[in-house]
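Working notes for the structure below.
Fair warning: this is a prediction, and the values are worked out from it, not measured in the lab. Order of appearance sets the numbers: ligands from 1, and atoms from 1 within every ligand.
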Amino acid sequence: MRVFLDLMWFFRERKGHYLGGILLLMLVSLLGLIPPQIVGAMVNRIRHHQLTAQEFTHWIFYIAAIALAMYILRYFWRILLFGSAIKLSTELRFQLYRHFTQMSPSFYHKHRIGDLMAHATNDIQAVESTAMDGILTLVDSITTGILVIATMAITISWKLTLIALLPMPIIAITTQLYGKILHRRFTLAQAAFSDINDKVQENISGMRVIKAFGQENSEKQAFADLSKDVIRKNLAVAKIDALFDPTIGIVVTLSYFLSFAAGAWFVLHHQLNLGQLTAFSIYLGQLIWPMLAFGWLFNIVERGHASYDRIRKLLAIKSDIADKPDAINSVPSGSIHYTVHSFTYPESSMPSLQQIYFHLHRGKTLGIVGRTGSGKSTILRLLLREFDVENGDIQIGEQSIYHYTLDALRQAVAYVPQDHFLFSATIAENIAFAAPDKSFAEIQEAAQMAQIHDDIQQFPNGYNTIVGERGVTLSGGQKQRISIARALLMDAEILILDDALSAVDARTEHRILESLRKNRSGKTTLIATHRLSAVEHADLILVLEDGKIAEYGTHASLCSENGIYRAMWDRQQLESLVEEGGIA
Ligand code: ATP
Ligand code: MG
């Protein structure tokens with residue numbers, strides 16, 4: 001029952017609705033008590049041959065009127081209580097979503113998408129059910145139960161009522177016990193659902209790879225195994241589930257048996273008349289529902305409790321990247337200064353960067369080159385605060401980036417990540433993603449700078465062509481250039497291109513870099529690349545090796561050094577010559 005306390009914040013928020021709903025629910029229970037009294041009285045009148053036709057129609061009219069009133073009241077309590085429960089799930093879903101948007105990359109590294117989605121669907125549903133059926137069964141079982149029992153005791157016979165209630169403790173004890181087991185099993189079942197959800201998500205996203213490598217059968221097998229696990233764990237829940245009703249059934253039967261045996265004895269000894277016993281049996285029938293409801297209550301509440309615990313655990317995770325309490329909310333500007341003594345990823349034991357010290361004046365271009373895995377992307381991601389540096393600092397305009405709010409910092413930086421991502425939306429919407437207020441002309445201008453405008457014009461719907469799952473399939477180079485256009489439209493002071501030209505040919509690369517130089521004068525650009533031609537004109541080039549700066553300088557100074565850069569440059573020159581048809 002603790003979950004009701006846990007959800008108290010919400011019940012308080014919707015106090016009016018819940019109080020109104022509960023009041024109506026109680027009113028329905030109260031009204032339900034009247035017809036048995038009427039029936040009891042009618043039976044006695046019939047037995048004594050006193051019932052007149054007129055009296056009979058009167059009674060029938062009363063019963064019909066009560067039924068109509070109950071019908072209307074039921075409609076309204078449903079709206080009040082069930083409507084509130086739907087509001088709760090909406091609220092929880094919103095809380096989760098807001099939480100997801102605040103989390104850093106390392107959160108998504110640890111939590112799988114399918115698992116997060118399971119929280120937002122299945123678990124929220126179980127909590128919704130607690131706020132819906134849980135409240136209903138709680139109020140109904142208690143009020144109807146108490147009212148029916150009190151009426152039986154007061155208006156008919158307290159002795160017979162006591163006898164009828166003798167088997168009740170069995171319900172209390174068993175539901176407690178079943179509830180505990182159910183909680184445990186339901187938690188496991190929900191976790192299994194998370195797993196299978198994740199598998200489905202991953203397989204559908206990776207279907208092309210699965211097919212390309214002919215792994216359909218082994219994936220089917222893996223899925224079948226997970227499926228079996230889900231079935232096994234849900235069956236375990238169902239087995240406990242299935243115990244609730246029969247247990248209550250036994251108690252009800254016992255109760256009937258005891259009250260009829262005792263009731264018959266009372267009638268024989270003239271302590272009760274037949275009408276009273278009839279009414280009593282109707283009341284006993286009315287007690288079945290509250291007893292069943294009591295069993296369901298435990299069932300629903302334990303499911304809701306288990307799910308709410310899962311949701312709370314997720315919500316309790318604090319983002320490791322957060323604003324400092326006194327963070328400045330103005331967009332940073334100025335030269336970039338790195339003093340990163342070392343940086344180790346949270347999940348890693350080895351540092352990925354060491355002794356990264358450099359200064360880049362505002363408006364200049366930085367090139368970062370080096371072998372794959374040498375730490376190029378890591379340097380750039382630190383500037384965006386995807387991860388925080390513990391040992392060292394990064395400054396923009398002589399102010400540590402950790403003194404700015406994340407929002408402000410990210411407004412200063414336009415980023416084209418190495419693994420760019422387009423949404424299932426139109427091309428124009430994708431480009432305007434970070435700057436939705438920009439005009440169509442500005443979107444086109446950004447596309448022109450990114451050398452994608454002509455490609456877009458070729459599509460049947462131009463800028464309104466939908467990309468992604470439900471739209472056209474773009475080539476890798478086209479996607480890359482749309483991502484560049486998106487970053488350029490932001491018109492931020494700092495532009496980061498992380499291997500963003502890898503999928504375009506040398507000529508297009510040249511044209512993009514040219515237009516960047518022309519249109520971004522006075523603004524800072526950071527380019528990580530494998531192709532040295534992309535950084536030929538950079539003001540400072542860092543050559544990374546194993547997370548350290550092995551060489552640095554300009555293209556000219558590095559070429560004269562005869563080091564790694566020079567060797568790479570010579571090799572790439574040769575490669576491009578070969579590509580162009582060989583040395584004449
Ligand atoms: P590429 O040219 O292939 O893009 P890169 O130079 O950009 O490589 P980084 O992505 O910066 O290389 O990676 C540097 C090192 O950090 C690698 O050894 C990589 O395994 C490690 N690394 C990258 N991301 C993480 C992460 N999230 N957690 C732990 N280690 C990571
Ligand atoms: Mg990289």
Side-chain angles (χ1 to χ4, degrees), residues 100 102-113 115-116 202 317 319-321 336 338-358 360 365-392 394 401 406 413-421 476-477 479-481 483-484 487 494-504 506 509 525-536 538 540-552 558 563-565 567-569 571-572 575:
F100 291 163
Q102 285 164 353
M103 289 292 110
S104 69
S106 60
F107 173 84
Y108 292 98
H109 206 75
K110 278 183 230 146
H111 294 87
R112 298 150 308 149
I113 298 171
D115 175 40
L116 297 178
E202 197 177 86
I317 299 171
S319 174
D320 41 9
I321 310 287
I336 297 174
Y338 268 64
T339 32
V340 177
H341 306 305
S342 79
F343 170 74
T344 309
Y345 276 105
E347 302 290 293
S348 168
S349 54
M350 292 273 292
S352 287
L353 291 179
Q354 285 179 69
Q355 291 150 21
I356 304 294
Y357 309 126
F358 69 87
L360 185 72
T365 298
L366 174 78
I368 307 176
V369 298
R371 256 197 286 275
T372 169
S374 57
K376 301 184 292 294
S377 300
T378 310
I379 290 191
L380 299 175
R381 293 171 84 187
L382 291 183
L383 187 65
L384 279 163
R385 283 195 68 193
E386 281 194 12
F387 296 89
D388 281 355
V389 178
E390 308 266 306
N391 187 9
I394 299 171
I401 56 170
L406 277 170
V413 188
Y415 175 43
V416 186
Q418 196 166 10
D419 47 352
H420 45 78
F421 182 83
K479 281 191 219 158
Q480 231 176 18
R481 279 173 287 154
S483 305
I484 295 173
I494 300 166
L495 173 69
I496 294 179
L497 300 175
D498 189 356
D499 217 6
L501 299 165
S502 60
V504 298
E509 175 193 275
T525 309
L526 287 78
I527 304 174
T529 180
H530 283 275
R531 201 151 45 184
L532 300 189
S533 55
V535 293
E536 203 182 332
L540 173 66
I541 301 170
L542 306 178
V543 184
L544 292 189
E545 235 188 13
D546 294 332
K548 289 190 196 127
I549 299 178
E551 293 171 13
Y552 67 92
L558 286 167
I564 309 168
Y565 185 88
M568 274 166 83
W569 177 258
R571 197 175 55 244
Q572 290 191 4
E575 277 166 10

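- Within the model, atoms CG of L544 and OG of S352 stand 11.5 Å from one another, a figure rounded to the nearest 0.5 Å.
- Y415 and P417 make their closest contact through O-CD, 3.4 Å (heavy atoms, listed as atom of the first residue, atom of the second, distance).
- What you find for D499 and Q480 is that their closest heavy atoms are O-NE2, 3.3 Å.
- In this structure, Y338 and F358 have parallel ring planes: the angle between them is below the 30° cut-off, well short of the 60° mark.
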| task | Let me see the working for I379 and L526 under side-chain contact (heavy atoms from CB on, under 4.5 Å), right down to the final yes or no. | result | CA-CA 10 Å; I379 290 191; L526 287 78; 5.8 Å; no

Mind listing the N or O contacts between ligand 1 and protein, cut-off under 3.5 Å?
| residue | atom | partner | partner atom | Å |
| --- | --- | --- | --- | --- |
| ligand 1 | 2 (O) | K376 | NZ | 2.7 |
| ligand 1 | 2 (O) | H530 | NE2 | 2.8 |
| ligand 1 | 3 (O) | T372 | OG1 | 2.6 |
| ligand 1 | 4 (O) | Q418 | OE1 | 2.9 |
| ligand 1 | 4 (O) | Q418 | NE2 | 2.6 |
| ligand 1 | 6 (O) | S374 | N | 3.2 |
| ligand 1 | 6 (O) | G375 | N | 3.0 |
| ligand 1 | 6 (O) | K376 | N | 2.9 |
| ligand 1 | 6 (O) | K376 | NZ | 3.0 |
| ligand 1 | 7 (O) | S377 | N | 2.9 |
| ligand 1 | 7 (O) | S377 | OG | 2.7 |
| ligand 1 | 8 (O) | G373 | N | 2.8 |
| ligand 1 | 11 (O) | S377 | N | 3.4 |
| ligand 1 | 11 (O) | T378 | N | 2.9 |
| ligand 1 | 11 (O) | T378 | OG1 | 2.4 |
| ligand 1 | 12 (O) | G375 | N | 3.4 |
| ligand 1 | 16 (O) | S352 | OG | 2.9 |

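- Of all heavy-atom pairs spanning P105 and E386, the tightest one is CD-O, 3.4 Å.
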Exercise for the section: Could you give me the CA-CA distance, side-chain angles and deciding distance for T529 and L501, then say whether side-chain contact (heavy atoms from CB on, under 4.5 Å) is met? Expected result: CA-CA 8 Å; T529 180; L501 299 165; 5.9 Å; no

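- If you look at the Mg ion (ligand 2), the protein N, O or S atoms less than 2.8 Å from it are S377 OG, Q418 OE1.
- In this structure, Y565 and W569 have parallel ring planes: the angle between them is below the 30° cut-off, well short of the 60° mark.
- Across V504 and R481, no two heavy atoms sit closer than the pair CG1-NE, 3.6 Å.
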